2 protein chains.
Amino acid sequence: MERKQSSFVILGILAIHPNQTGYEIRKTIEQSVGFFWGESYGQIYPTLKRLVADGLIVASVSGSNTRAGRQEYSTTPDGELRLQEWIAVPYRDDPPRNEFLLKLFFGNDVAPSVSISHIRRFQEKNRSMLMMLLELERQSSGHGSQFPGFPFWMMTLKFGVSQLNASLEWSEAALKMLTEMEARQDSSLRATEAVPPSGDS
Amino acid sequence: MERKQSSFVILGILAIHPNQTGYEIRKTIEQSVGFFWGESYGQIYPTLKRLVADGLIVASVSGSNTRAGRQEYSTTPDGELRLQEWIAVPYRDDPPRNEFLLKLFFGNDVAPSVSISHIRRFQEKNRSMLMMLLELERQSSGHGSQFPGFPFWMMTLKFGVSQLNASLEWSEAALKMLTEMEARQDSSLRATEAVPPSGDS
DNA sequence: ACACACATGTAATTGGTTACATGATTTC
DNA sequence: GAAATCATGTAACCAATTACATGTGTGT
């Protein structure tokens with residue numbers, strides 16, 4: 001409880017890239033840490049207000065883009081400090097909850113085809129995610145290497161890639177096992193249901 | 001919303017292994033799906049009541065173990081059906097949130113040693129987790145292979161193992177990169193701070 | 001003129017953890 | 001007789017998503 005993770009993502013993102021609106025912050029989060037972190041507007045806007053009240057960020061009425069209702073934010077030195085403190089605190093992993101694995105685990109209660117389609121879906125998601133990450137990696141390597149944060153960004157990216165590759169490898173083996181299982185079931189069905197062909201030799 | 005995942009873990013666990021108390025259910029969850037799913041008592045007990053009210057499980061006053069305040073539960077045919085339906089519904093992955101990666105991503109804002117210790121901690125956790133899973137796998141392969149659910153349990157186990165292995169491999173590379181980074185920093189500090197040694201040849 | 005992206009926000013609801021409280025039974 | 005484990009529960013609190021509501025600017 002009372003972890004306020006949302007405020008720290010926002011703080012961290014603004015530290016890297018200041019003068020962003022709530023809307024932009026969300027986009028940036030999606031495009032940078034999106035594969036391992038998500039934030040909704042319902043979380044971002046209230047958090048921004050609280051961060052301003054706490055003096056960790058400031059709202060400026062904008063640099064060049066003067067659009068009605070547009071509000072840009074940046075970190076204050078205080079905010080920067082708080083961010084650094086938070087980063088240094090040992091991370092805590094929240095209780096794991098993987099619905100995909102849970103459904104697979106209970107796979108014996110349903111037809112093999114159900115588990116197969118779960119895994120197929122899993123594969124597709126992983127493949128497209130992997131392509132996105134590789135694309136991001138390719139792009140970043142070009143024009144991004146000038147930023148001081150770059151090595152760290154690459155690190156998290158590579159983590160994602162390695163996990164996805166492992167997932168995909170695993171899924172191939174799992175799928176093979178399940179299709180064999182299904183085949184066995186089908187053949188046993190045939191054996192009991194089908195009328196044995198009369199001797200036709 | 002309204003996903004009620006907790007009820008389905010409980011339903012699924014009771015389907016595999018009936019006649020368990022809330023307390024036991026939690027233990028079973030921990031020991032079987034624990035590495036990818038967690039439930040707290042504050043969730044389990046209220047959920048059990050609701051499941052009884054909905055007719056998806058029944059409470060029996062116990063088989064042999066007649067202990068005061070002890071309440072055993074089992075699934076009803078209805079519960080079994082609902083479970084199967086739920087399993088067949090495409091899984092939904094909840095928004096990812098990995099505090100470890102987030103802190104790493106912001107690593108440029110702190111000393112390299114901070115990120116290094118995060119990764120060290122990550123490695124330790126992964127190593128002990130991996131050992132637990134391998135131990136579980138070893139045990140199961142012996143006496144567990146008789147259960148019809150066995151192949152599915154092994155599947156999820158193997159998933160965990162592959163992810164952990166990938167994580168550990170990645171962490172070695174990441175650590176190497178960071179220690180090099182730290183060394184460069186140290187040497188540049190030395191270069192500016194230290195008094196150049198006078199010619200001592 | 002229309003659609004789409006930009007932009008901000010709130011209310012309702014839920015899902016969940018944590019901490020607290022209590023007591024029985026077993027084991028040493 | 002003390003400690004650990006078994007066993008059940010509730011209250012407080014929080015973090016978060018979703019859906020709703022509203023309006024501006026840009027491009028076609």
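All chains are named by letter (A, B, ...) in the order of the sequence lines, taking the proteins before the strands, and each is independently numbered beginning at 1. Small disclaimer: the values here were computed from a predicted structure and weren't measured.
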Legend entry - Flag for Thr28(B)-Gln20(B): side-chain donor and acceptor within less than 3.5 Å: yes

Inset, instruction - Looking only at side-chain atoms of Gln71(B), point me to the closest of dT10(D), dT8(D), dT10(C). - result: dT8(D)

Inset, instruction - Kindly say whether Leu168(A) contributes a backbone atom to a donor-acceptor pair with the side chain of Gln123(A) at under 3.5 angstrom? - result: no

Inset, instruction - Write down the distance between CD (Gln43(B)) and C1' (dC13(D)), rounded to a whole number of angstrom. - result: 14 Å

Inset, instruction - Ignoring backbone atoms, establish whether Lys27(B) has a side-chain N or O less than 4.0 Å from OP1 or OP2 of dC6(D). - result: yes

Inset, instruction - Verify the contact: side-chain N or O of Thr21(B) to OP1 or OP2 of dT8(D), cut-off strictly under 4.0 Å; return yes or no. - result: yes

Inset, instruction - Round to the nearest Å and state the distance from Arg70(A) atom CZ to dG25(D) atom C1'. - result: 12 Å

Inset, instruction - For dT8(D), take OP1 and OP2 only and decide whether either is under 4.0 Å from a side-chain N or O of Tyr23(B). - result: no

Donor-acceptor contacts under 3.5 Å from residues 44-59 of chain B side chains, at least two apart:
unit_1, atom_1, unit_2, atom_2, d
Tyr45(B), OH, Tyr23(B), N, 3.4
Thr47(B), OG1, Gln43(B), O, 2.5

Inset, instruction - Kindly say if Lys49(B) contacts the phosphate of dG9(D), meaning a side-chain N or O under 4.0 Å from OP1 or OP2. - result: yes

Inset, instruction - Please report, rounded to the nearest Å, how far the P atom of dT17(C) is from the CZ atom of Arg26(B). - result: 9 Å

Inset, instruction - Just call it for Gly42(B): base, sugar-phosphate, or nothing, with non-hydrogen atoms closer than 4.0 Å on any strand. - result: base

Inset, instruction - Please report, rounded to the nearest Å, how far the C1' atom of dA5(C) is from the CD atom of Glu30(A). - result: 13 Å

Inset, instruction - Tell me which nucleotide among dT8(D), dA7(C), dT10(C) gets nearest to the side chain of Glu24(A). - result: dA7(C)

Legend entry - pair Met132(B)-Met129(B): side-chain heavy atoms closer than 4.5 Å: yes

Legend entry - Phe100(A) and Phe122(A) aromatic ring geometry - parallel, tilted or perpendicular at 30°/60° bounds: parallel

Inset, instruction - Provide, to the nearest angstrom, the distance between the CZ atom belonging to Phe8(B) and the P atom belonging to dG15(C). - result: 11 Å

Legend entry - Distance in angstrom units between Leu48(B) CG and dT10(D) C1', rounded: 15 Å

Inset, instruction - Starting at atom OH of Tyr73(B), determine the distance to atom P of dA7(D), rounded to an integer number of angstrom. - result: 12 Å

Inset, instruction - Tell me which nucleotide among dT18(D), dA7(C), dT10(D) gets nearest to the side chain of Arg92(B). - result: dT18(D)

Legend entry - Rounded interatomic separation in angstrom, taking OH from Tyr41(A) and C1' from dT18(D): 14 Å

